[in-house]
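Just so we're clear, the structure is a prediction, and the values are computed from it rather than from any experiment. As the structure lists them, so they are numbered: ligands from 1, and atoms in each ligand from 1.
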Amino acid sequence: MTRHKTAMTDQTQHNASQNPDSAAANSMWGGRFSESNAAIMQAINASIDVDKRLYAQDIQGSMAHARMLAKQGIITGDDAEVICKGLAQIKTEIQEGRFVFSQELEDIHMNVEARLKAIVGEPAGRLHTARSRNDQVATDFRLWLRDQIDYSVGQIDKLLTALLDQAEKHAETVMPGYTHLQPAQPVTFGHHLMAYVEMLTRDKERLQDARKRLNRSPLGSAAMAGTGFAIDREATAAALGFDGPTRNSMDAVADRDFALEFLAAGAICLIHLSRLAEELVIWSTPSIGFVTMSDKFSTGSSIMPQKRNPDAAELIRAKPGRLLGAFQTLAVVMKGLPMTYAKDMQEDKEITFAAADALDLSLAAMAGMIEDLTAHPAAMRAACQKGHLTATDLADWLVRELGMPFRDAHHVTGRVVVVADQKDCPIWDLELADLQSVEPRITAQVFEVLSIDASVASRRSFGGTAPERVKAAVAEARARLNV
Ligand code: ARG
C-alpha cells in the first residue's frame with residue numbers, strides 16, 4: 001500500500017516536473033502531491049471564493065515583505081522591484097475584474113503568487129523566503145480587520161451624530177419613560193435617545209480597544225518558529241502600519257483573538273441596535289404614533305393599502321443572531337486547537353466577513369432611519385396623560401414637605417392612584433379634596449410638582465432627564481466624541 005503510493009507519487013512528480021503548469025498537479029507544491037485533488041477535496045480545502053476579499057492586504061503585505069528582504073540583503077533590490085511591479089499589476093487586474101481566480105490554487109496567497117510567477121518569472125519564487133502562509137494569512141486578516149474596525153467606528157460615528165442631532169432637537173420633548181414597558185416617569189425624547197448614545201459610545205470604545213491588541217504584525221513568524229534569515233520584523237510592521245511585531249511566533253500564527261474580539265464587540269453593538277429597532281417598531285405603530293419612519297425605510301403591504309411597515313427596523317432587530325452566531329462559530333473553531341496553526345482556522349474569514357457585512361448594513365440602515373425620523377411631540381405628550389407618570393413626584397413631595405418616610409409616602413400615593421383611577425383621570429387632575437381624602441395634610445402646593453413638565457424639569461441630578469441636563473449632555477458628548 002505504502003509502496004504503491006510512493007511509486008505513484010514518484011511517477012507524478014516526474015510528470016509534474018516535466019509540465020509544471022499542468023492543471024493535474026498543483027505546481028505550488030513542487031509536485032509533492034500526485035493526483036489532482038478530488039473535487040470534494042478541492043471544495044472543502046479551497047478558500048479562494050472567500051479569501052479573495054483579502055487581495056489588497058495580501059499584496060500590501062507581500063510588497064512590504066519583498067522590500068524588507070531586499071533591504072536585508074536576502075534578495076536583490078532588482079528582484080524586489082520586479083516583484084513589487086508584478087504585484088501592483090496583479091492588484092490592477094483584480095480591481096478591474098480581469099484576474100482569473102483558480103480553485104486549484106486554493107487561496108488568495110497562492111493565486112497571487114502563481115500569477116506573479118507567470119508575470120515576472122523566477123524572482124516570484126523568492127518572495128516566499130522567510131515567510132509562510134501561516135504568518136501571511138494572519139497578517140492579511142489583521143490588516144483587513146483593522147480597516148473593518150475603522151470603518152465600523154466611522155459608521156458608529158454617523159449614527160451617533162444622527163442620535164445627537166435628534167436628541168438636541170428633542171431635549172424638551174416630553175414622553176413617557178417605561179420600565180417593564182409600563183409607564184414609569186416622564187422623560188424627554190432627547191434623554192431617551194441619549195441612552196443609545198451611551199451604548200454606542202461603549203461599542204465604539206470596545207472596537208477601538210480591540211484594535212489596539214490587533215495592531216501587531218505576525219509577519220516574519222513564518223510557519224510558527226520564526227526564521228533563520230536575518231529579517232527585520234520591525235520594518236515590515238512599520239511599513240504595514242502596525243504598532244510593532246507580535247512577540248511570540250507560535251502565538252502569532254495560532255491566534256485569532258482579534259477576530260473574536262471584533263465579533264464580540266459587533267454582537268454587543270447589534271444587540272443595542274436591535275433594542276432601538278424594537279423601540280422604533282413600537283413607537284411607529286399608529287396606536288402609539290410617537291414617530292413616523294421615513295418612506296425610504298418603510299414598506300407597503302401587497303394587500304393592505306394603508307400599511308407602512310418598519311421593515312428595516314425589523315431586519316436590524318433580527319440581525320444580532322448573525323454576530324452572536326459568528327462569535328460562537330469561531331470560538332468553537334478555535335477551542336481545543338493545539339498549537340499552532342491548523343486548517344480549521346481557515347473558517348475564520350467566511351464567518352467574520354459575513355458578520356462584518358451584517359454589522360455594516362445594520363449600522364448604515366439605523367443611521368439613515370434616525371436621520372430621517374420624524375418625532376411627534378404632541379402624541380408623546382398625550383401619552384403622558386396615561387399611567388400617572390408623576391406618582392413618584394407626589395411621593396417625593398410627601399417626603400419633602402410632610403416629612404413622611406418614603407415607604408409611607410409610597411403607600412399614600414398608591415391610594416391616590418386608586419382614587420384617580422376610579423375618577424378616570426390622571427392624579428394631577430384630582431381635586432385637592434380628593435387628595436386630602438387620602439392624606440389631609442396635602443396642600444394645593446402639591447400641584448406644582450405633579451405636572452409632566454415640572455417633573456421632567458426637576459430631574460436635574462447628573463445623568464437625569466431635565467432638558468437643561470439633556471442639552472448639556474449633548475454638548476458634552478459632541479465635544480468628547482468629536483462627532
Ligand atoms: N488559506 C489558509 C487560511 O486561510 C492560509 C494558510 C494556510 N496555511 C497552511 N499551512 N495550509 O488559513
Side-chain angles (χ1 to χ4, degrees), residues 25-33 37-38 40-62 64-65 87 90 94 99 101-117 124-125 127-148 214 217-227 236 240 246 248-260 262-263 326 329-356:
N26 181 336
S27 60
M28 298 297 286
W29 298 121
R32 188 158 67 84
F33 290 146
N37 286 340
I40 289 174
M41 178 53 182
Q42 196 177 88
I44 195 168
N45 197 41
S47 55
I48 186 62
D49 290 343
V50 172
D51 61 27
K52 61 180 166 197
R53 214 164 146 172
L54 294 177
Y55 79 89
Q57 290 78 13
D58 195 66
I59 287 170
Q60 189 190 3
S62 287
H65 184 65
L87 288 168
I90 292 170
I94 296 175
F99 190 95
F101 290 101
S102 152
Q103 282 263 347
E104 289 187 359
L105 291 166
E106 247 187 83
D107 57 24
I108 187 63
H109 323 294
M110 299 212 281
N111 269 267
V112 169
E113 196 181 323
R115 178 69 187 134
L116 187 64
K117 184 158 185 234
L127 172 60
H128 214 52
T129 314
R131 184 178 80 169
S132 149
R133 276 189 298 157
N134 296 350
D135 58 337
Q136 191 178 354
V137 74
T139 304
D140 294 358
F141 196 24
R142 283 185 189 232
L143 287 172
W144 185 89
L145 206 47
R146 189 176 68 189
D147 285 350
Q148 172 63 41
L214 169 149
S217 173
L219 197 57
S221 300
M224 48 85 77
T227 175
T236 44
L240 296 170
T246 51
N248 179 292
S249 64
M250 294 177 73
D251 175 54
V253 298
D255 168 48
R256 293 294 182 270
D257 288 3
F258 55 91
L260 286 169
F262 167 73
L263 295 173
T329 309
L330 184 56
V332 172
V333 166
M334 299 307 293
K335 79 157 280 300
L337 283 187
M339 288 293 105
T340 50
Y341 175 84
K343 196 61 175 262
D344 312 47
M345 290 162 64
Q346 177 168 282
E347 295 278 300
D348 58 1
K349 287 170 285 298
E350 189 168 355
I351 296 164
T352 307
F353 291 164

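- The side-chain heavy atoms of Leu219 and Arg131, taken from C-beta on, include a pair separated by under 4.5 Å.
- Residue Arg256 has no nitrogen or oxygen atom sitting less than 3.5 Å from a nitrogen or oxygen atom of ligand 1, judged on distance alone.
- Residue Asn134 places at least one N or O, backbone or side chain, under 3.5 Å from an N or O of ligand 1.
- With ligand atoms numbered from 1 in the order given, ligand 1 contributes 1 (N) to contacts under 4.0 Å with heavy atoms of Ser47.
- A heavy-atom separation below 4.0 Å is not found between Gln136 and ligand 1.
- Other residues, nucleotides and ligands place more than 12 heavy atoms under 6.0 Å from the CG atom of Leu337.
- Which parts of ligand 1 touch Lys349 is read off a 4.0 Å heavy-atom cut-off, strictly below it: atoms 3 (C), 4 (O), 12 (O).
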Check the pair Tyr55 / Phe99 against ring-ring contact (aromatic ring centres under 6.0 Å, His included), numbers first and verdict last. CA-CA 11 Å; Tyr55 79 89; Phe99 190 95; 8.8 Å; no
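- When atom types are taken as modelled, the side chain of Asp107 and the backbone of Ile48 share no donor-acceptor pair closer than 3.5 angstrom.
- Considering both main-chain and side-chain atoms, His109 never comes within under 3.5 Å of ligand 1 through any nitrogen or oxygen pair.
- At least one N or O atom of Asp107 sits closer than 3.5 Å to an N or O atom of ligand 1.
- Residue Gln346 has at least one heavy-atom neighbour below 4.0 Å for each of these atoms of ligand 1: 1 (N), 2 (C), 3 (C), 4 (O), 12 (O).
- Here Lys343 pairs with Glu106 in a salt bridge; the nearest charged N to carboxylate O distance falls below 4.0 Å.
- Classification of Arg53 and Asp58 as a salt-bridged pair fails, no side-chain N sitting under 4.0 Å from a carboxylate O.
- Between Glu106 and ligand 1 there is no heavy-atom distance shorter than 4.0 Å.
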Dump the intermediate steps for salt bridge (Lys or Arg N to Asp or Glu O under 4.0 Å) on Asp348 and Arg256, then the final yes or no. CA-CA 8 Å; Asp348 58 1; Arg256 293 294 182 270; 2.6 Å; yes
